[in-house]
Amino acid sequence: MRKPRRLSNEQLAPWVWEAQNLSPKKPALAKSGEPDSASLPTEEGLGKVAARPPVTPIDWAALFGNANPTEIEVGTGKGLFLLNAALARPGTNFFGIEIVRKYQLYAATRYAIRNLPNVKTTCSDAKVILRDFVPAGSVAAVHVYFPDPWWKARHKKRRVFTPEFAADAARAIALGGRLYIASDVEEYFGVMTAIVGAMPAFKVRPEEEQLAAPRTEAGFATNFERKALETGGSVWRAVYERTPEPVTVVADPVV
Ligand SMILES: C[S@@+](CC[C@H](N)C(=O)[O-])C[C@H]1O[C@@H](n2cnc3c(N)ncnc32)[C@H](O)[C@@H]1O
């Protein structure tokens with residue numbers, strides 16, 4: 001990764017949001033697939049491990065200092081999509097969730113250098129943020145571009161896009177809002193569309209497919225999209241509208 005200009009934590013602070021009281025981790029699994037006995041909770045600690053600590057839901061108006069609509073990107077990587085989106089749509093707030101700290105800080109640095117007022121980032125697991133911190137119906141869109149495919153069968157449970165994740169995204173998106181997805185992995189794209197396609201809370205919007213992300217002048221929207229297109233790969237994309245139907249957790253197509 002090319003090193004961006006280094007900014008101090010104080011300089012980056014306006015572009016960084018830290019989650020408080022994240023849920024405790026699940027016990028680690030030993031090779032056998034059973035929980036590692038060293039990480040099993042003691043009887044005394046059982047309640048503590050099982051219970052989710054109370055969290056304060058994000059107040060978007062307070063966080064951004066305005067009542068503009070907010071959109072979330074999951075897995076921002078180096079932050080190119082949010083950079084272009086925030087520049088192109090100053091009347092929308094953008095919140096990026098990235099699990100790897102060095103990528104989050106790289107992206108935050110890009111926004112700080114341009115002094116962008118309408119974008120913030122957090123270094124967290126997007127599944128947890130959507131489940132525990134984002135108020136229901138509070139965002140105008142969720143964008144998920146080129147999520148990690150985790151090729152090996154035994155690693156697929158690490159994928160971010162699961163039926164539970166899709167349900168949490170549906171809860172977060174306001175009625176009439178959008179879910180944007182793209183991938184260069186046909187099989188994973190098929191899984192995502194199978195999940196969302198089975199949810200009455202979403203309706204596919206094929207006519208909006210090409211709007212799934214604002215393109216740069218060079219014709220790509222994210223770094224991974226650029227890599228896919230440069231190597232002659234295909235990119236699949238879809239856009240869904242949040243309907244008034246109830247949110248359901250559908251059967252997992254990856255089992
Ligand atoms: C393949 S990269 C794509 C990055 C960017 N969206 C793009 O298209 O260039 C996937 C990104 O998702 C991040 N990621 C993976 N799991 C995540 C999770 N559970 N929560 C948030 N980010 C995650 C990875 O660290 C990585 O930066």
Side-chain angles (χ1 to χ4, degrees), residues 1-2 4 15-19 22-26 55 58 71-86 94-111 119-134 139 141-152 155-169 172 178-189 191-192 195 209-216 218-231 233-239 252 254:
M1 180 196 299
R2 188 163 58 83
W15 288 274
V16 170
W17 178 83
E18 302 286 359
L22 282 171
S23 300
K25 286 195 172 123
K26 279 190 195 158
V55 299
I58 304 174
E71 301 191 7
I72 289 178
E73 189 194 9
V74 166
T76 53
K78 293 184 189 173
L80 181 63
F81 163 68
L82 284 192
L83 176 66
N84 287 318
F94 293 93
F95 186 75
I97 312 172
E98 169 54 53
I99 205 163
V100 175
R101 178 69 78 183
K102 72 175 174 183
Y103 294 141
Q104 181 232 355
L105 294 180
Y106 185 100
T109 303
R110 290 177 124 173
Y111 314 141
V119 57
K120 312 241 178 235
T121 64
T122 190
C123 178
S124 313
D125 182 345
K127 290 182 184 177
V128 174
I129 299 299
L130 280 178
R131 186 192 68 199
D132 294 349
F133 289 87
V134 178
V139 300
V142 171
H143 306 256
V144 188
Y145 299 130
F146 304 86
D148 291 318
W150 292 106
W151 296 104
K152 290 184 184 166
H155 289 160
K156 284 190 176 159
K157 59 182 176 299
R158 297 184 191 172
R159 286 177 169 179
V160 77
F161 208 104
T162 62
E164 291 78 15
F165 170 86
D168 288 329
R178 296 289 189 269
L179 171 68
Y180 299 93
I181 59 175
S183 178
D184 56 344
V185 180
E186 189 172 14
E187 178 268 335
Y188 194 6
F189 185 74
V191 168
M192 293 194 281
I195 292 171
E209 217 169 84
Q210 290 310 317
L211 304 176
R215 313 232 93 56
T216 61
F220 55 86
T222 78
N223 281 308
F224 271 74
E225 179 163 35
R226 175 177 57 76
K227 286 179 201 168
L229 297 176
E230 278 175 3
T231 53
S234 301
V235 170
W236 290 269
R237 59 184 80 252
V239 182
D252 194 341
V254 186

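Both counts, for ligands and for their atoms, begin at 1 and track the order of listing.
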Any idea which residues sit under 4.0 Å from ligand 1, heavy-atom distances?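 For ligand 1, the contacting residues are Glu73, Gly75, Thr76, Gly77, Ile97, Glu98, Ile99, Val100, Tyr103, Ser124, Asp125, Ala126, Tyr145, Phe146, Asp148, Val160, Thr222, Asn223, Phe224.
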In the structure I gave you, are the side-chain heavy atoms of [X] and [Y] within less than 4.5 Å of one another anywhere?
X      : Y      : value
Leu82  : Tyr111 : yes
Thr222 : Leu80  : no
Glu71  : His143 : yes

Roughly how far, to the nearest 0.5 Å, is CZ of Phe133 from OG1 of Thr122? 8.5 Å
Between the side chain of Glu98 and the main-chain N/O of Gly77, is any donor-acceptor distance below 3.5 Å?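 Pair found, side chain donor or acceptor close to backbone of Gly77.
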Ionic contact status for Arg159 with Glu187, cut-off 4.0 Å: yes
